[in-house]
2 protein chains.
Amino acid sequence: MEAPSRPYHHGNLRAALLLAGERALESGGVENLSLRELSRELGVSHTSPRRHFADKQALLDALAQHGFERLGATLGRAARGQGTDFESRLTKVGRAYIGFARQHAALLSLMFTAKHRPEAPRALLEASEKALAHTLAIFSEGQAAGVVIPGDPHRLALVVFAALQGLITLSTNGKLKDIPVDKLVGEVIGHLVLGLGPRAIH
Amino acid sequence: MEAPSRPYHHGNLRAALLLAGERALESGGVENLSLRELSRELGVSHTSPRRHFADKQALLDALAQHGFERLGATLGRAARGQGTDFESRLTKVGRAYIGFARQHAALLSLMFTAKHRPEAPRALLEASEKALAHTLAIFSEGQAAGVVIPGDPHRLALVVFAALQGLITLSTNGKLKDIPVDKLVGEVIGHLVLGLGPRAIH
DNA sequence: ACCTGAACACCGTTCAAGT
DNA sequence: ACCTGAACACCGTTCAAGT
C-alpha cells in the first residue's frame with residue numbers, strides 16, 4: 001500500500017487547481033480566490049501553481065475558458081431543439097442561459113471580465129465565440145426565414161443577452177420577489193422578438 | 001503666510017479621499033485602488049482613512065453613492081426635455097446614460113456591484129433609486145398615454161438599461177469598430193419601443 | 001476629535017535550490 | 001520535469017499612544 005494522497009509529484013495539479021478554483025469561485029467570488037489558499041487545500045507549496053499557470057490571471061483565464069466551453073455545450077443543446085419557430089427556439093436558449101447564470105453566477109461574471117481584457121488569450125476568445133455559435137445561427141436562420149430584420153446577428157444577439165443579463169442580476173439579488181424567472185424570460189423574449197420583427201404596419 | 005498644504009489635521013481628508021479614490025478608480029479599476037496608496041498620495045498615514053471610512057468597502061460605497069448622485073443629475077437633465085414623444089425622450093436618456101458610462105466606466109461598474117451587495121447601506125440604495133426616478137417617470141407617462149404596455153415600470157426600464165449596458169461593454173472594448181454608438185442607441189431603443197408598444201395587429 | 005507607528009495576518013511573485 | 005523555502009514588496013485592519 002502506497003500513499004496516493006500526497007505524492008511528491010501531485011500528478012494532476014493543473015486539473016486540481018482548476019477544480020478547486022471553480023469551487024472557491026462559487027463560494028466567494030473572484031475576490032476571495034487566493035493561489036496560496038488553493039495550494040494549502042491541495043497540500044502543495046504556494047509556489048507550485050507557477051509551473052502550470054504563469055500567474056493568477058492565467059488561472060482565471062483558464063477557468064473562464066472552461067466556463068465558456070460548458071456554457072457552449074448548454075446553449076448548444078438548447079439551440080439544437082429541432083424545427084420550431086424563431087421565438088420558441090430563442091426562448092429555449094434564453095432559459096438555458098438563465099439557468100447557467102443562476103448556477104454559476106461568479107463564474108459567469110469572471111467569464112465576462114476575462115473575455116473583455118485586452119490581453120485575453122486567443123484560446124479564451126475562441127471558446128467564447130464557439131459558445132455562442134449555435135445561438136447566432138438561430139438569428140441567421142430567423143433572418144433567412146424573414147421573421148427577423150436584417151443586420152449583424154451578433155448585434156441582435158447582444159441585445160437579447162444583455163436584456164437577459166439584466167433579468168439575472170435582478171433575480172440573483174432577490175428583487176423579483178414572487179415572479180418566476182422563466183415567465184419573465186418568456187415576456188422579455190416576446191417583447192424583443194416583436195421589436196426585432198418586421199412590422200405588420202409601419 | 002502659513003503652510004496650508006499639510007497641516008496636522010488635514011481638514012478635508014474625507015473629501016480628499018473621495019476625490020483621489022475616484023481618480024484611482026478611473027485609472028486602474030477597483031482592483032488597483034489601495035487605501036495605503038491613497039494615503040501616501042494625500043500625505044497622511046495609512047491609518048487615517050479609518051477615521052472617515054470604517055473600512056475599504058465603506059469608501060467604495062461612498063464612491064458608488066456619489067456616482068449615483070451624478071448619474072441621477074445627468075439622466076434628470078436628459079429626461080426633463082419637455083413635450084416630445086415617448087421614443088425620443090427615451091432615446092435622449094439612453095444617450096445620456098451611454099455618455100456617462102463611457103466617461104466613468106470603472107465607476108459605473110463599481111456602482112452596480114456596490115448596489116447589489118446584500119449589506120449595501122441605505123443611503124446608497126436611496127441614491128440609486130433616486131438616480132432613476134426621472135427615467136421611470138418616462139415609462140409611467142408612456143403607459144398613461146397608452147403607447148407602452150402595462151406592467152411594473154421598473155421591469156420595463158430594466159430591459160432597456162440592460163440592453164444599453166450590453167452596447168456599452170461592446171463599445172468600450174472596441175468591438176463596434178466604425179459604427180457610431182449614438183446610432184446604435186437609436187436602433188436599440190427603436191427595437192425595444194416597438195417591442196414594448198401595443199401591437200397594431202396581434 | 002483627529003492622526004500616528006508598530007504589529008498582525010494575509011497576499012502574488014521571484015529565485016536559488018532540491019529530487 | 002516538477003516542487004520547495006526563503007525573501008521581497010505589497011495589502012487591510014487593529015490598537016495603544018500621541019497632540
Side-chain angles (χ1 to χ4, degrees), chain A residues 2-25 27-64 106 110 113-114 117 119-121, chain B residues 2-25 27-64 106 110 113-114 117 119-121:
Chain A
E2 302 167 301
S5 44
R6 31 178 162 54
Y8 178 75
H9 294 72
H10 185 284
N12 301 308
L13 187 52
R14 202 196 127 91
L17 280 168
L18 285 173
L19 209 83
E22 228 159 274
R23 245 196 342 254
L25 208 57
S27 83
V30 200
E31 222 61 20
N32 298 44
L33 189 155
S34 137
L35 287 183
R36 284 176 107 112
E37 189 170 329
L38 293 186
S39 302
R40 254 178 261 126
E41 282 175 27
L42 298 176
V44 295
S45 95
H46 66 269
T47 52
S48 293
R50 190 78 219 284
R51 289 290 126 192
H52 303 281
F53 301 101
D55 54 15
K56 189 180 182 180
Q57 189 59 56
L59 171 62
L60 295 181
D61 283 341
L63 285 171
L110 171 65
T113 65
R117 277 186 31 256
E119 317 87 348
Chain B
E2 302 167 300
S5 43
R6 29 177 164 56
Y8 178 76
H9 294 71
H10 186 283
N12 302 306
L13 188 51
R14 201 196 128 93
L17 281 168
L18 285 172
L19 208 84
E22 228 159 274
R23 245 198 340 256
L25 208 57
S27 84
V30 200
E31 221 61 19
N32 299 44
L33 189 156
S34 137
L35 287 184
R36 285 178 105 113
E37 189 171 329
L38 293 186
S39 302
R40 255 178 260 127
E41 282 175 27
L42 298 177
V44 296
S45 94
H46 66 269
T47 52
S48 292
R50 191 78 220 284
R51 289 291 126 191
H52 304 281
F53 302 101
D55 55 14
K56 189 179 181 179
Q57 188 59 56
L59 171 61
L60 295 182
D61 283 342
L63 285 170
L110 170 65
T113 64
R117 278 188 28 256
E119 316 88 348

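In what follows, chains are A, B, ... by sequence order, proteins preceding strands, each numbered from 1.
- The distance from the CD atom of A/E22 to the CG atom of A/L17 is 12.0 Å, given to the nearest 0.5 Å.
- Under the 4.5 Å side-chain criterion, counting only non-hydrogen atoms from C-beta, A/E37 is not in contact with A/N32.
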Seminar exercise, completed: Taking Watson-Crick and G-U wobble contacts under 3.5 angstrom, with | marking pairs to another strand and [ ] crossing pairs, the secondary structure of DNA chain D is written ||.|||||...|||||.||
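- Looking at heavy atoms from C-beta onward, B/L63 lies out of side-chain contact with B/F53 at the 4.5 angstrom threshold.
- With rounding to whole Å, A/N32 atom CG is found 14 Å from C/dC10 atom P.
- Of all nucleotides listed (C/dG12, D/dC11, C/dC3), C/dG12 comes nearest to the side chain of A/L35.
- Between the CG atom of B/N12 and the C1' atom of C/dC2 there is a distance of 14 Å, given to the nearest Å.
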Exercise. Where do A/L38 and A/L59 land on the side-chain contact (heavy atoms from CB on, under 4.5 Å) test, with the steps shown first?
Worked result: CA-CA 11 Å; A/L38 293 186; A/L59 171 62; 3.8 Å; yes
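- Residues B/R23 and B/E41 have side chains in contact (heavy-atom distance under 4.5 Å, counting atoms from C-beta outward).
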What does the list of N/O pairs under 3.5 Å between the protein and nucleotides 5-7 of chain D look like, with a distance for each?
{"unit_1": "D/dG5", "atom_1": "O6", "unit_2": "A/T47", "atom_2": "OG1", "d": "3.3"}

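- The shortest non-hydrogen separation linking B/K56 to B/L33 is NZ-O, 2.8 Å.
- The minimum heavy-atom distance between B/A114 and B/D61, with the atom names listed, is CB-OD1, 3.8 Å.
- Between B/L60 and B/Q57 the shortest side-chain heavy-atom distance falls below 4.5 Å.
- Note: B/S45 OG to B/R40 CZ = 11.5 Å, rounded to the nearest 0.5 Å.
- Contact annotation: the side chain of A/R117 never approaches that of A/T113 to less than 4.5 Å [non-hydrogen atoms, C-beta and beyond].
- If you measure from atom CD of A/E31 to atom P of D/dG12, you get 11 Å, rounded to the nearest angstrom.
- Within residues 50-62 of chain A, the residues that place at least one heavy atom under 4.0 Å from DNA chain D are, in residue-number order, A/R51, A/H52.
- Between A/S48 and A/S39, the closest side-chain pair of non-hydrogen atoms is not below 4.5 Å.
- In this entry the distance linking CZ of A/R14 with P of D/dC2 reads 12 Å, nearest Å.
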